[in-house]
2 protein chains.
Amino acid sequence: MKALKISEAVVRRLPVYLRHLLELKQREVLTVSSQDLGQKLNLNPAQIRKDLAYFGDFGRKGIGYDVSYLIQQIRHILKLDQVIPVGLVGAGKLGHALCNYTVYLKDNMKIVAVFDAQESKINTEINNLKVQPMSDLIPTVREKQIRIGIITVPATEAQHVADQFVEAGVEAILNFAPVILRVPPNIRVHTADFTTDLFSLAYYLSDNGKEVPAE
Amino acid sequence: MKALKISEAVVRRLPVYLRHLLELKQREVLTVSSQDLGQKLNLNPAQIRKDLAYFGDFGRKGIGYDVSYLIQQIRHILKLDQVIPVGLVGAGKLGHALCNYTVYLKDNMKIVAVFDAQESKINTEINNLKVQPMSDLIPTVREKQIRIGIITVPATEAQHVADQFVEAGVEAILNFAPVILRVPPNIRVHTADFTTDLFSLAYYLSDNGKEVPAE
DNA sequence: TAGATTGTTAATCGATTAACAATC
DNA sequence: TAGATTGTTAATCGATTAACAATC
């Protein structure tokens with residue numbers, strides 16, 4: 001239990017641990033070693049032990065980690081032992097898809113409001129939520145105490161939406177638009193940009209694909 | 001032009017550079033310095049110069065980088081100077097959303113086939129493509145020379161789909177399911193798992209949120 | 001020429017991994 | 001007790017940044 005600064009790499013692995021632990025729990029596995037976890041998650045066991053040890057002594061020498069206890073601890077570390085209200089802007093296909101995931105996120109995060117700029121989308125229903133106009137954003141974020149904003153609008157709109165989220169007082173933003181957002185330093189932004197993933201994949205393709213016909 | 005191994009971190013920045021360069025080009029900016037780029041992308045200029053220098057001497061001292069030329073070079077490095085055929089499994093909301101992005105990816109990647117296991121989805125149209133049954137996957141991947149597979153199915157199905165993609169001969173997989181896939185070492189997998197992004201964001205929320213009422 | 005900016009080397013910083021005493 | 005596995009220190013590895021000669 002030190003007061004070290006935890007690197008982002010560590011923080012990003014915690015949800016991966018959590019997810020696998022939940023699966024183990026469902027399979028009624030009671031205990032797991034860093035060895036086992038590493039095997040499943042393609043990670044070095046020492047790294048897993050070190051990651052967890054930043055936050056406490058969760059394991060037992062000679063035994064491993066109690067699955068339920070570790071779940072509880074990671075939930076606490078990630079602040080997922082409370083339900084976090086989330087807002088989403090952009091009621092397109094992607095926004096829709098994310099709303100459906102709410103089921104999966106259940107006890108951890110809940111999308112409590114959806115906004116869109118397009119007239120035609122407003123008042124349509126997504127997952128029991130009425131899509132609201134952009135003018136509702138700031139008051140609704142405040143009223144519903146929304147802490148995380150999700151942006152699934154076109155790249156050209158994303159900065160504007162981010163500005164409004166910031167003004168309304170969200171603490172963090174998950175941005176799906178392929179754009180680097182400018183926000184104050186106290187706001188955390190993660191970018192979930194699948195074009196980056198996809199384009200970087202191309203780099204690893206073999207060279208001898210169907211070449212451009214030799215000119 | 002060395003034969004060094006390029007780290008994944010470098011490769012992942014290339015699409016980010018490319019994207020911003022395309023925007024500059026559209027704004028008819030002719031030349032850009034590592035300084036400018038760094039500012040816009042929140043990166044250290046030295047890092048940008050180093051990244052690019054792995055692949056060649058693209059800049060001019062005292063001037064910077066020619067926007068069009070650098071675009072062309074990065075495209076080549078990423079193998080995006082050819083159209084790469086992509087297949088997608090999972091015609092849900094997320095799959096739909098990705099298909100629509102094809103417009104954005106235009107000259108680089110093209111989703112040429114969509115598959116789904118659900119009877120009701122088959123033969124529906126997405127972006128001018130008829131959704132095909134899973135039994136078509138292997139023959140179609142081969143026939144259309146699909147090189148990258150995208151997986152947007154539930155976590156429980158993802159490994160099975162990956163296995164089929166691998167058997168059919170794709171070289172890389174972009175996986176949206178929250179699961180670690182097992183594939184042979186010659187297949188590249190990127191995981192675009194937004195639950196990880198979202199959960200790790202929660203870590204950075206302030207502690208003084210609406211606490212669980214003190215027991 | 002003077003100012004700007006690259007490509008690259010050297011210095012720094014940080015993250016991963018190996019190793020092992022402690023102990024269940 | 002013997003075997004297993006943690007938590008942690010030390011060693012390694014790799015990535016980022018600073019600095020600067022070269023040069024447009």
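A note on names: the letters A, B, ... follow the listed sequences, proteins ahead of strands, and every chain is numbered from 1.
- Summarising the geometry, the separation between CD on Gln35(B) and P on dG7(C) is reported as 15 Å, rounded to the nearest angstrom.
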For nucleotides 21-23 of chain C, tabulate all protein N/O to nucleotide N/O atom pairs closer than 3.5 Å, reporting atom names and distance.
none

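- The existence of a salt bridge linking Glu8(B) and Arg188(B) is confirmed by a sub-4.0 Å separation between a basic side-chain nitrogen and an acidic carboxylate oxygen.
- Glu23(B) meets the salt bridge (charged side-chain N to carboxylate O under 4.0 Å, His left out) test with Arg27(B); sequence neighbours excluded.
- In this structure, Phe55(A) atom CZ and dT6(D) atom P are separated by 17 Å, rounded to whole Å.
- Scanning residues 63-72 of chain B for heavy-atom distances under 4.0 Å to DNA chain D yields an empty list.
- For the pair Asp163(A) (side chain) and Glu167(A) (backbone), a donor-acceptor distance under 3.5 Å is absent.
- In the model, Ser68(B) has no side-chain atom that pairs as donor or acceptor with a side-chain atom of Asp66(B) under 3.5 Å.
- The pair Arg12(B)-Asp197(A) meets the salt-bridge criterion, with a side-chain N (NZ, NE, NH1 or NH2) lying under 4.0 Å from an Asp/Glu carboxylate O.
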What does the B/S/- profile of nucleotides 13-18 of chain D look like, 5' to 3', with a 4.0 Å heavy-atom cutoff to protein? --SBBB
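- For Asp36(A) and dT6(D), the CG to C1' distance is 13 Å, given to the nearest whole Å.
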Using Watson-Crick and G-U wobble pairs with both distances under 3.5 Å, what is the 5'-to-3' dot-bracket string of DNA chain C, with [ ] for crossing pairs and | for pairs outside the strand? ..||||||||||||||||||||||
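- Using a 4.5 Å cut-off on side-chain heavy atoms (C-beta onward), Gln118(B) and Met134(B) make no contact.
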Intermediate values then yes/no, side chain to side chain contact (heavy atoms under 4.5 Å, CB included), Val86(A) and Lys110(A): CA-CA 6 Å; Val86(A) 176; Lys110(A) 193 169 182 195; over 6 Å; no
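- No side-chain heavy atom of Arg147(A) sits under 4.5 Å from any side-chain heavy atom of Val170(A).
- Distance alone, capped at 3.5 Å, places no donor-acceptor pair between the Asp193(A) side chain and the Phe176(A) backbone.
- For the pair Ser34(B) and dT5(C), the criterion of a side-chain N or O lying under 4.0 Å from OP1 or OP2 is not met.
- With sequence neighbours left out, the side chain to side chain contact (heavy atoms under 4.5 Å, CB included) criterion links Lys93(A) to His96(B), Ala97(B), Asn100(B).
- Protein atom CZ of Phe58(A) is 16 Å distant from nucleotide atom C1' of dT8(D), rounded to whole Å.
- Using a 3.5 Å distance cut-off with no hydrogens or angles, the side chains of Gln47(B) and Asp51(B) do not pair a donor with an acceptor.
- One N or O on the side chain of Thr152(A) and one on the backbone of Val89(A) form a donor-acceptor pair closer than 3.5 Å.
- With respect to Lys79(A) and Asp207(B), a salt bridge is recorded, a charged nitrogen being found less than 4.0 Å from a carboxylate O.
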